[in-house]
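Encoded as structure tokens, the structure appears first; notes follow it.
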Amino acid sequence: MLKIRNGDLMENNKVTISVIKADVGGLCGHTLAPDELLEACEAVLEEAVDEIILDYYVTRCGDDIDLIMSHKLGCDNEKVHGLAWKAFEEATKIAKELKLYGAGQDLLSDSFSGNVRGMGPGCAEMEFVERKSEPIVVFCCDKTDPTAFNYPLFKMFADPFNTAGLVFDPSMISGFRFEVHDVVGHKKVFLDTPEEMYMLLALIGDYEKYAIKRVYRRRDNEIAAVVSTEKLNYIAGEYVGKDDPVAIVRAQSGFPAVGEVLEPFANPHFVPGWMRGSHWGPIMPVGEEDATPTRFDGPARVIALGFQVCDGMLIGPNDLFADRGFDKAREKALEMADIIRRMGPFQPHRLPATMMEYTTVPKVLEALEDRFIPLEGLELIEEGGITRKDRGDVE
Ligand code: F6R
Ligand code: MG
Ligand code: MG
């Protein structure tokens, strides 16, 4: 498991971690990216070691393949993104040969043009100066979307009941800065905790519109966390479904401890996704072996892989949610799943129309359009009937 290559490639001590993911085929249905696809990706990345990347680890969460790479080329680098694209293309060839389900589904273009953003794959990247010891946690999810990280990132970086270090570590006491994206309005805002915590919550509690993209430590503006938010439903105006997200979080000495980074998942929260990307359900923390969502195509899974970055090499991973300490969280998630499943196609199990991945409901309504008849008496209200304001209920 442990590998050491020499650190000759470290001409400076800045390193970039890129996690690029895509679903290019499932066995069977949307449940699992099989070994053959992971092996195809590994072969491509292995060829690029010392040419483009320093090190890599390939994993999966459900039907998504996650390429975890370290290199010296910075974020949004064409060579690194091109490499990921090539790996997914090779995996797609096999997926097509095996007639896997949804073969090549996340490669939305026939050719690569400089960057995977907007082309289907999701991507979380951060560049930093490697500390004396650099622990990072890479999260990979299936059957949910990037807003699944709003709640846990808030707890990790802004909730002292989760992160004792916010109170006890002097380098964290000045708090963290959250970069929040308005994914509908295509704009972003920076909010500082603890002072602006309530405003932050006012935004990120709304999964329809706001997603946390990055977190910075305020003391020195060091990057602390980043989430893939490429494909929040729309690319170039076209609806392309939910994007099972990935995230990178730095841990220890001045950042939350590994245990504080994992703690929000000990009490599972509800996330959008699950069956047909159209239901609320719990997110279940699991080890790599259990990242196989099958019940009602779920419930949503998250794995957490811990690495020590050492001269740009990825030492590890430690499969952090495999710990028995998360058994109870899994039990709770399954109980939550049972409870909400009872609602079937009714809200609040079913997502509001604007958040559903399946946009076919309007088509059902179209078929009914001619059958709708105006409600009698409605004109009374429309023509100035009694309103709450008239009754003095509201100002
Ligand atoms: C959710 C997901 C699955 C599919 C479902 C139907 O993100 O991937 O739940 O939506 O299996 O898939 P299709 O429409 O491909 O038959
Ligand atoms: Mg799929
Ligand atoms: Mg998936």
Side-chain angles (χ1 to χ4, degrees), residues 1-12 14-27 32-61 63-98 100 103-117 119-127 130 134 136 138 140 228 230 246 248 288 303 305 307-317:
M1 182 171 93
L2 295 182
K3 51 202 159 170
I4 306 283
R5 286 198 188 101
N6 70 53
D8 291 351
L9 284 148
M10 300 292 289
E11 342 53 76
N12 64 50
K14 263 194 175 180
V15 64
T16 305
I17 307 295
S18 297
V19 184
I20 306 188
K21 52 80 44 183
D23 170 355
V24 294
L27 188 174
L32 190 78
D35 292 346
E36 291 88 333
L37 303 195
L38 271 63
E39 284 157 15
C41 291
E42 276 163 359
V44 173
L45 299 195
E46 183 60 38
E47 285 262 297
V49 168
D50 295 348
E51 294 294 321
I52 300 173
I53 54 176
L54 293 170
D55 201 3
Y56 68 89
Y57 181 76
V58 177
T59 189
R60 70 184 145 216
C61 189
D63 57 7
D64 288 275
I65 304 175
D66 305 289
L67 312 178
I68 302 167
M69 299 173 284
S70 61
H71 56 91
K72 304 287 297 170
L73 301 173
C75 298
D76 275 330
N77 180 270
E78 185 168 345
K79 284 187 188 159
V80 175
H81 283 227
L83 177 67
W85 186 265
K86 190 171 159 207
F88 293 135
E89 272 184 338
E90 289 306 309
T92 296
K93 280 184 200 159
I94 296 171
K96 286 188 172 159
E97 266 167 40
L98 300 176
L100 295 183
Q105 70 161 57
D106 276 355
L107 302 188
L108 300 178
S109 163
D110 291 335
S111 56
F112 178 71
S113 59
N115 195 300
V116 295
R117 288 182 205 284
M119 294 177 74
C123 142
E125 297 180 288
M126 57 161 72
E127 186 184 36
E130 208 177 283
E134 185 66 60
I136 60 163
V138 174
C140 308
S228 63
E230 277 59 51
V246 290
I248 311 168
E288 281 182 290
I303 60 170
L305 302 181
F307 296 92
Q308 286 290 146
V309 184
C310 169
D311 296 335
M313 306 305 296
L314 296 168
I315 309 301

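Just so it is clear, the model here is predicted, and its values are computed rather than measured.
Atom-to-atom distance recorded for K79:NZ and I52:CD1 is 6.5 Å, nearest 0.5 angstrom. For the atom pair S113 OG and W85 CH2, the distance stands at 8.0 Å (nearest 0.5 Å). Rounded to the nearest 0.5 Å, atoms OH (Y57) and CG (L45) are 13.0 Å apart. In this structure, OG in S70 is found 9.0 Å from CD in E130, a value given to the nearest 0.5 Å. The line from OG of S111 to CD of E89 is 8.5 Å long, rounded to the nearest 0.5 Å. Q308 CD to I136 CD1: the interatomic distance, rounded to the nearest 0.5 Å, is 9.0 Å.
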- Task: May I have the step-by-step check of side chain to side chain contact (heavy atoms under 4.5 Å, CB included) for N115 and E78, ending in yes or no?
- Result: CA-CA 6 Å; N115 195 300; E78 185 168 345; over 6 Å; no
- Item | Step-by-step side chain to side chain contact (heavy atoms under 4.5 Å, CB included) determination, I65 to F88 | CA-CA 8 Å; I65 304 175; F88 293 135; 4.1 Å; yes
- Message: Set out, in order, the CA-CA distance, both residues' side-chain angles and the distance that settles side chain to side chain contact (heavy atoms under 4.5 Å, CB included) for V58 and D66, then state yes or no.
- Response: CA-CA 6 Å; V58 177; D66 305 289; over 6 Å; no
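Looking at heavy atoms from C-beta onward, L73 lies out of side-chain contact with T16 at the 4.5 angstrom threshold. Within the 4.5 Å cutoff, the side chain of D64 has no heavy atoms near those of the C140 side chain. Side-chain atoms of F112 and L107, non-hydrogen and from C-beta on, never get closer than 4.5 Å to each other. L83 has its side chain out of reach of I20: every pair of non-hydrogen atoms, C-beta onward, lies at least 4.5 Å apart. With a 4.5 Å cut-off on side-chain heavy atoms, E42 and Y56 count as touching. Put simply, the side chain of K21 does not reach to within 4.5 Å of the side chain of L67, judged on heavy atoms. Side-chain contact between S18 and H81 is absent, with no heavy atoms from C-beta onward closer than 4.5 Å. By the 4.5 Å heavy-atom criterion applied to side chains, R60 and L32 are counted as neighbours.
The closest donor-acceptor contact from the side chain of S228 to the backbone of V246 lies under 3.5 Å. Within the 3.5 Å criterion, the main-chain N or O of D23 finds a donor-acceptor partner in the side chain of D106. Under a 3.5 Å cut-off, the side chain of E134 and the backbone N or O of V309 do not form any donor-acceptor pair.
Residues P34 and L27 approach most closely at CB-CD1, 3.8 Å, considering heavy atoms. For L37 against A91, the heavy-atom pair with the smallest separation is CD2-O, 3.3 Å. In this structure, I248 and I17 approach most closely via the heavy-atom pair CD1-O, 3.6 Å. Closest heavy-atom contact between G312 and V15: CA-CG2, 3.8 Å. Taking both residues in full, the closest heavy atoms of G104 and T92 are given as CA-CG2, 3.5 Å, listed atom of the first, atom of the second, then distance. Heavy-atom minimum distance, T59 versus E288: OG1-OE2, 2.6 Å.
Using a 4.0 Å cut-off between a side-chain N of Lys or Arg and a carboxylate O of Asp or Glu, E90 and K93 qualify as a salt bridge.
Here D63 pairs with K143 under the salt bridge (Lys or Arg N to Asp or Glu O under 4.0 Å) rule; sequence neighbours left out. The salt bridge (Lys or Arg N to Asp or Glu O under 4.0 Å) search around E125 returns R117, not counting sequence neighbours.
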